[in-house]
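Below is one structure, written out as structure tokens, with a few remarks after it.
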Protein chains: 2
Amino acid sequence: MARKTKGESEQTRARILDAAEIEMLERGVGKASLEQIARRAEVTRGAIYWHFEDKASLLQAMIARTKMPMRDLRRCIGENIPSAAPRELLREMMLHAVQRLAGDAQHRRVCHIVLHRCEINDREVASNRVLEAMFDDTRTALLALCEEITEDFALAPGLSPADASDMIVAFLAGLYECSLRHPATYAVENNAPAKIDALLGGLFPQPAGGAP
Amino acid sequence: MARKTKGESEQTRARILDAAEIEMLERGVGKASLEQIARRAEVTRGAIYWHFEDKASLLQAMIARTKMPMRDLRRCIGENIPSAAPRELLREMMLHAVQRLAGDAQHRRVCHIVLHRCEINDREVASNRVLEAMFDDTRTALLALCEEITEDFALAPGLSPADASDMIVAFLAGLYECSLRHPATYAVENNAPAKIDALLGGLFPQPAGGAP
DNA sequence: TGATACATACATTCGTGTATGTATGTAATA
DNA sequence: TATTACATACATACACGAATGTATGTATCA
């Protein structure tokens, strides 16, 4: 009915984004109508069109709320654990990714939407640019780490550093995939450290001289 | 214009399914209109509605064309390589999955559609029942294999057979994910045997007494 | 000659986008 | 301080296209 104060307006915007998360998760991005989103947020479509240009930019804003860095992640972890060798860093990064997926419900929802509730392949669309950037980012960061690790550890026979980082990306992508699609069966947090150690043990066997 | 012979009708049906694969891959299941599919198949929507009830059953038929067994796969491979120990069987199964994804273009398309171009989570919908069944099937088959393997090989510290099979499912899911989304960067067939061996090496280290 | 294998035409629904209305907060002015 | 003026934050109403489903027409095979 009436104009609200700036703070209330921000709350409205947030409620719209919350509602969009739920609706898009349940019905998919394409089938979630702005009308349903508005109803859940207890506003009308007018409010949505006031805060966002269209559904695409609404989705984009939704994704932007839960920003997922990866090159930053390394720096962040490296600063917190300055003594860590690259292999430890890699382990921590993988653990962090898993733990965030297990603990941050909003992040789970948005990842689920971007990965499984968004059928558009158009590069113009926000979710796809985000996905592509995320993959590239992750791959680049992990490749650099794997190359560093090979200064201390031998690689498994027949593997290049790129192969190793590709395997790690695939493993993480698969964890997301399984955990989001079948949370009951594949809880991410289930024994995650042991799983990560097993994978890293296969990729980078202990150096010839050292025993655990 | 005119009625065709039974064989020609089957060809029409196949052309519709082919067209649907391409359109749904490019635009997504939701945005691919029956009109566009019909045009690509060089028929009208009338032909589609003659062969299929609606878009959902068209999708279902599309999926059914490229059936993906997994419990059958084990039997099949087991018959071809009767001497194989369970660990060899597992290796062969993983290789087979990777090679099919690399070699069978139609399988790639359908997997891509089911995994990434279909935003519906409704359990009534074909693609989701298929996906769920595929995951369950794969998990069951791999779990049984992993349990057999532990009779000959020790598991990595802290892992149960279920953890091991979960990791394998995640790894395979991630391979599909990466290879389908970014075929240029992550070609599945790139050094696949070495990657699989590295993973299995991490999960099932050699038995204490044996040297390679 | 009847069932088949489509093509054509039509009705209906659904969602989007936009144009417009309206009541309130807020700043300038007097 | 009260008033004016304008921007804000929505709600309401309407126009439009796109896609679906169905009803009907039609030519051919068997």
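First the proteins, then the strands, lettered A, B, ... as listed; each starts at 1.
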Rounded distance (Å) that lies between atom P of D:dT28 and atom CD of B:E8: 12 Å

Whole-Å distance between C:dC6 P and B:Q11 CD? 10 Å

Which atom names give the shortest non-hydrogen contact between A:L101 and A:R108, and what distance separates them? O-CG, 2.9 Å

In whole angstrom, give the distance that lies between atom CD of A:E42 and atom P of D:dA11. 11 Å

Describe, in one word, how the ring planes of A:F135 and B:Y186 are oriented to each other, choosing from parallel (under 30°), tilted (30 to 60°) and perpendicular (over 60°). perpendicular

Side-chain N or O of B:H51 less than 4.0 angstrom from OP1 or OP2 on C:dA5? no

Side-chain N or O of B:T12 versus OP1/OP2 of C:dA5: is the shortest distance under 4.0 Å? no

How many Å lie between CD1 on A:I48 and C1' on D:dC10, as a whole number? 12 Å

Could you state the interatomic distance from CZ (B:F52) to CD1 (B:I16), rounded to the nearest 0.5 Å? 5.5 Å

One should read off an interatomic distance between B:L159 CG and A:D197 CG, to the nearest 0.5 angstrom, of 9.0 Å

Below 4.0 angstrom, N of the basic side chain to O of the carboxylate: do B:E10 and B:K6 qualify? no

Polar contact flag, side-chain donor to acceptor under 3.5 angstrom, B:R87-B:T150: no

D:dA9 phosphate, OP1 or OP2: any side-chain N/O from A:W50 under 4.0 angstrom? yes

B:F52 CZ to D:dG21 C1', straight-line distance once rounded to whole Å: 17 Å

Indicate yes or no: does B:E119 engage A:K31 in a salt bridge with an N to O separation below 4.0 Å. no

Nearest-Å distance for atom pair CD1/P, residues B:I37 and D:dA19: 11 Å

Polar atom pairs between nucleotides 13-20 of chain C and protein, under 3.5 Å, N or O only, would you list them?
| residue | atom | partner | partner atom | Å |
| --- | --- | --- | --- | --- |
| C:dT16 | OP1 | A:K55 | NZ | 3.3 |
| C:dT16 | OP2 | A:L34 | N | 3.2 |
| C:dG17 | OP2 | A:Y49 | OH | 2.7 |
| C:dG17 | N7 | A:R45 | NH2 | 2.4 |
| C:dG17 | O6 | A:R45 | NH2 | 2.8 |

Has B:S9 got a side-chain N or O lying under 4.0 Å from the OP1 or OP2 atom of C:dC6? yes

With a 4.0 Å cut-off, would you call A:D18 and A:R65 a salt bridge? yes

What's the angle between the local helix axes at either end of the helix from C:dT1-D:dA30 to C:dA30-D:dT1, using five pairs per end and rounding to 10 degrees? 0°

I'd like to know whether CD of A:E189 has more than 12 heavy-atom contacts from other residues, nucleotides or ligands below 6.0 angstrom. yes

